[in-house]
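Worksheet for the structure shown next.
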Amino acid sequence: MENPDLPLTGQNLQEYLYGDQGGLRVTQETAMRLAAVYSCIYVLSSSLAQLPVAVLRNTGDRIEPGSDHPAHYLLHDAPNDWQTSYKWRETKMGHILGWGNGYSRLIRSRRGELQAIEQMHPRDTTLIKVAGRWVYSSWDDEDERLIAIQPEDMLHIRALGSNKRIGISPIMQNAESIGLGLAAQRYGKQFFDGGGKPSGLLTAKGDLSGDAWARLKDFWKTAVSRLQSSDNKTLLLPADLDYKALSLEPEAAQFIESRKMSRSEIAGLFNVPAHMINDLDKATFSNISEQAIQFVRHTVMPWIQNWEQEIARRVFTRFERAAGYYIKFNLGGLLRGTAKERAEFYHYAITDGWMTRNEVRLFEDMNPIDGLDEMLISVNAQPASRLLLPAEQTLPQNQ
């Protein structure tokens, strides 16, 4: 391991054993230097972090806000003294996507009331078995010591894994694909750092003495340094020298195409539409709109289910869950649509009689107005039971 002082965890052991791809150490930190990986993690993390989250309570016949529960402020506003709800969720989602596991310690009072949610770094946290019982071992930055955390006090959200306890880093599972992208990026940097010229073989057309070879080496170093620092990219050689390029031109090696393929492949690994990381080669206005809907349905919603279920089972006690408390992420922000689409949706909701005009105003962040709480219904719509009444009794309803 590169740092012997770092505690050995399943995560950094996995990086040590499987992270070396083609001479490049593929870790969460090095992978984030690849623009496509950074973009995918940012898109997913920011999409989940921006969603409003609230504690609700199902009383049987009504859904009521659960703002009286201590978890509401922690999840909705600030889980601890250092982070807002947005930054906590954004960072935790980045941990899940980078390391495969996101850990947060639940701090409770002696009475069992939730007081804070402290984020733990996955590199310093691992799951171990002590005396027949699983516990989390993590490094406490405040006290600068290792601590043991009981499973019921750890909010552990996992990526796709091969067992029931620990998730596996998507970066480690796809280290070869990410390593290929890093290798292409490194090759491009070296190519342009060298003045945009390939390596080659310099040969003499005749015999050269020892002094002539020394003078030739000095001449070549001077000529190349001037070439890299000058706008004039023409290299003049003595008459008795010949230069032959050895490496392939980037176009011949399909350098640009390789980087595009790597970018598209990485977007697929994170299940992010390519246009959301600025890969617009095959994008059109029509399919971008459809891909945005697919992104919410098939990428964001599975993660939301993962978060909601894990938070509910750890934050709430069994009695609180039985009393109807649960967590809800509001997807309305991601599904707002255009002004025209929202207007059509609200129109049908109001005229079909399942939304009031004040409820619509609430969705659009507008204050309610007196008189707009009454339900409207189309004159052509009426309960089916009224169709069984005699004609003279239904006439007043149609006037």
Side-chain angles (χ1 to χ4, degrees), residues 9-22 24-49 51 88-104 119-127 154-185 258-279 291 294-310 329:
T9 65
Q11 181 62 48
N12 53 39
L13 179 61
Q14 186 184 55
E15 293 175 2
Y16 180 76
L17 294 176
Y18 305 110
D20 193 1
Q21 300 296 329
L24 289 172
R25 177 67 64 183
V26 179
T27 65
Q28 196 273 346
E29 289 85 357
T30 59
M32 286 285 280
R33 299 173 192 168
L34 192 61
V37 174
Y38 179 90
S39 298
C40 288
I41 292 179
Y42 173 76
V43 165
L44 286 170
S45 300
S46 60
S47 295
L48 187 139
L51 297 176
W88 170 67
R89 285 181 281 154
E90 181 188 53
T91 306
K92 189 178 181 71
M93 191 64 188
H95 287 171
I96 300 168
L97 296 172
W99 282 273
N101 298 276
Y103 301 101
S104 293
Q119 196 154 268
M120 315 301 288
H121 201 290
R123 184 177 290 280
D124 303 331
T125 306
T126 190
L127 186 62
M154 180 68 84
L155 192 61
H156 181 192
I157 299 177
R158 301 177 282 272
L160 183 65
S162 58
N163 63 57
K164 60 184 177 182
R165 296 184 181 92
I166 297 293
I168 300 178
S169 165
I171 290 176
M172 290 299 102
Q173 290 193 79
N174 301 281
E176 291 185 357
S177 298
I178 295 174
L180 177 62
L182 287 170
Q185 181 172 276
S258 296
R259 294 209 66 184
K260 289 181 179 178
M261 181 184 68
S262 175
R263 191 173 182 84
S264 178
E265 187 177 23
I266 290 172
L269 297 179
F270 288 94
N271 200 21
V272 172
H275 75 274
M276 298 189 76
I277 61 170
N278 293 324
D279 185 359
Q291 286 181 45
Q294 296 298 318
F295 172 71
V296 174
R297 290 177 178 172
H298 302 297
T299 303
V300 177
M301 287 189 68
W303 280 115
I304 288 177
Q305 286 289 311
N306 193 349
W307 277 71
E308 289 179 345
Q309 292 183 11
E310 179 66 14
F329 284 80

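For the single chain, residues carry numbers from 1 onward in sequence order. Because the structure is predicted, anything quoted here is derived from the model rather than measured. Just the heavy atoms: all of them, side chains too, but no hydrogens, waters or symmetry mates, feed the values below.
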Study note, to complete from the structure: Hits for salt bridge (charged side-chain N to carboxylate O under 4.0 Å, His left out) against E310, two or more places apart or cross-chain, chain-then-number order -> R313, R314
Review point. What is the minimum heavy-atom distance between A267 and A274, and which atoms define it?
Key: CB-CA, 4.3 Å
Point to revise | All side chain to side chain donor-acceptor pair (under 3.5 Å) counterparts of T91, not counting sequence neighbours | key: none
Practice item. Provide the closest heavy-atom pair for P302 versus R297 in the form atom of the first, atom of the second, distance. Key: CD-O, 3.6 Å
Exercise for review: Evaluate the side chain to side chain contact (heavy atoms under 4.5 Å, CB included) criterion for residues L127 and M154: first the C-alpha distance (whole Å), next the side-chain angles of each, then the deciding distance (0.1 Å), finally the verdict.
Suggested key: CA-CA 11 Å; L127 186 62; M154 180 68 84; over 6 Å; no
Check your understanding: By side-chain contact (heavy atoms from CB on, under 4.5 Å), which residues pair with Q305, not counting sequence neighbours?
Key -> E308, Q309
Practice item. Could you tell me which residues satisfy ring-ring contact (aromatic ring centres under 6.0 Å, His included) with W307, sequence neighbours excluded, listed by chain and number? Key: W88
Exercise for review: Decide side chain to side chain contact (heavy atoms under 4.5 Å, CB included) for I96 and W303; before the verdict, give the C-alpha distance in whole Å, the side-chain angles of both, and the deciding distance to 0.1 Å.
Suggested key: CA-CA 10 Å; I96 300 168; W303 280 115; 3.6 Å; yes
Review point. When Y42 is tested against each of S39, S46, C40 for side chain to side chain contact (heavy atoms under 4.5 Å, CB included), which residue passes?
Key: S46
Point to revise | Inter-residue atom distance L48.CG - F329.CZ, 0.5 Å rounding | key: 5.0 Å
Exercise for review: Grab the two heavy atoms, one from G98 and one from S169, that are nearest each other, plus how far apart they are.
Suggested key: O-OG, 2.6 Å
Review point. If only atom types and distance count, is the side chain of T299 paired as donor or acceptor with the main-chain N or O of N271 below 3.5 Å?
Key: yes
Check your understanding: Between I166 and N163, which heavy-atom pair has the shortest distance, and what is it?
Key -> N-OD1, 2.8 Å
**Study point:** Approximate separation, where rounding is to 0.5 Å, of H121 NE2 and T125 OG1
**Key:** 9.0 Å
Check your understanding: Going by the salt bridge (charged side-chain N to carboxylate O under 4.0 Å, His left out) test, which pairs reach into residues 163-173, not counting sequence neighbours?
Key -> none
Point to revise | Approximate separation, where rounding is to 0.5 Å, of L155 CG and Q119 CD | key: 10.0 Å
Exercise for review: Only counting residues at least two apart or in another chain, list the ones meeting side-chain contact (heavy atoms from CB on, under 4.5 Å) with S45.
Suggested key: I41, E90, M93, L97
Review point. Distance-only, no hydrogens or angles: does the R123 side chain make a donor-acceptor pair with backbone N or O of W99 under 3.5 Å?
Key: no
Review point. For the side chain of N101 and the backbone of H156, is there at least one donor-acceptor N/O pair under 3.5 Å apart?
Key: no
**Study point:** Residues forming a ring-ring contact (aromatic ring centres under 6.0 Å, His included) with H298, sequence neighbours excluded
**Key:** none
Study note, to complete from the structure: To the nearest 0.5 Å, atom CG of L269 lies from atom CD of Q173 at 10.0 Å
Check your understanding: Under the side chain to side chain contact (heavy atoms under 4.5 Å, CB included) criterion, do F295 and V43 qualify, and how do the steps go?
Key -> CA-CA 11 Å; F295 172 71; V43 165; 3.9 Å; yes
Review point. If you round to the nearest 0.5 Å, how far is CZ of R158 from CG of L160?
Key: 11.5 Å
